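Just below is one structure, and these are the notes that go with it.
Remember, it's a predicted structure, so these values are computed and weren't measured experimentally. Chain naming here is simple, since letters A, B, ... match the order of the sequence lines and numbering starts at 1 in each.
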Protein chains: 2
Amino acid sequence: MTELAPDEPKFEQVAAILRARIASGEYPPRTRVPSELKLVAEFGINSRTAAKALQALVEAGLTRRVRGMGSFVVPAEGDGAPEQG
Amino acid sequence: MTELAPDEPKFEQVAAILRARIASGEYPPRTRVPSELKLVAEFGINSRTAAKALQALVEAGLTRRVRGMGSFVVPAEGDGAPEQG
DNA sequence: GGAAATTTGTTCGTATGTATA
DNA sequence: TTATACATACGAACAAATTTC
């Protein structure tokens, strides 16, 4: 279980970690990032806090969330297939 | 207490009502819109739901929220004094 | 078509912290 | 200090969409 520093909101810290993983290629375009429950297990946070972290990625334009499916990394512009939605 | 229809999320309905009031001039630019607690009292919703409605206005670019002060209607562009923030 | 599991969406309730007046 | 108001976080329940069996 990853430890989080107390000096910054948890949801922002988790979002920052996920952003770094996306940037590093750990979560390539069109693949899924961890679900709320996975983040709960990994970081020891509440599911609502996990949801807020995932929502922050959406607002940053990095992912899309699809009910019943998960959060998916948004492909960079001009990479081939047209985007849905 | 205003009644809300059950076929649309409450936070969206409340946000829509507030948007209409802003558009009508009931909440002029630079004035405050109702606080979370006021919305709780007016619509009979939970404070977290009220917060979500107010946040929706921010994301629509209609208001700004200031901790300890409230939610303020953002002036239309090119109306005079420069905006803060 | 149904059942179950997974995942996100909405709502409620509560507590605590931070900022302003 | 007190009151007001937003921010963060936890816990819980249920709804809705998707996938898999």
Distances for protein N or O near nucleotides 1-3 of chain C N or O, under 3.5 Å:
none

[X] side-chain N/O to [N] phosphate OP1/OP2 under 4.0 Å:
X	N	result
A:T49	D:dA9	no
B:K52	C:dT10	yes
A:S47	D:dG11	no
A:R48	C:dT11	no
B:N46	C:dG13	yes
A:K38	C:dT6	no

Query - Basic-acidic side-chain contact under 4.0 Å: A:R19, A:E59 - result: no

* Can you tell if the side chain of A:E36 reaches within under 4.5 Å of the side chain of A:R65, non-hydrogen atoms only? ->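 Yes - at least one pair of side-chain heavy atoms lies under 4.5 Å apart.
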
Nearest heavy-atom approach of B:P75 to B:P29 is CA-CB, 3.8 Å

Checking D:dC6, D:dA5, C:dT8 against the side chain of B:R32 (C-beta onward), the nearest is D:dA5

Between the side chain of A:R32 and the main-chain N/O of A:M69, is any donor-acceptor distance below 3.5 Å?
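Checking the backbone N and O of A:M69 against the side chain of A:R32, a donor-acceptor pair under 3.5 Å is found.
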
Can you name the atoms? Protein N/O to nucleotides 17-21 of chain D N/O, anything below 3.5 Å, with the distance.
none

Note to self: So B:S71, base contact, sugar-phosphate only, or nothing? Heavy-atom distance under 4.0 Å.
What the structure shows: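 Here B:S71 touches the backbone only, sparing every base.
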
Side chain to side chain contact (heavy atoms under 4.5 Å, CB included) with B:L54: of B:V33, B:V14, B:T49, only one passes, and it is B:V33

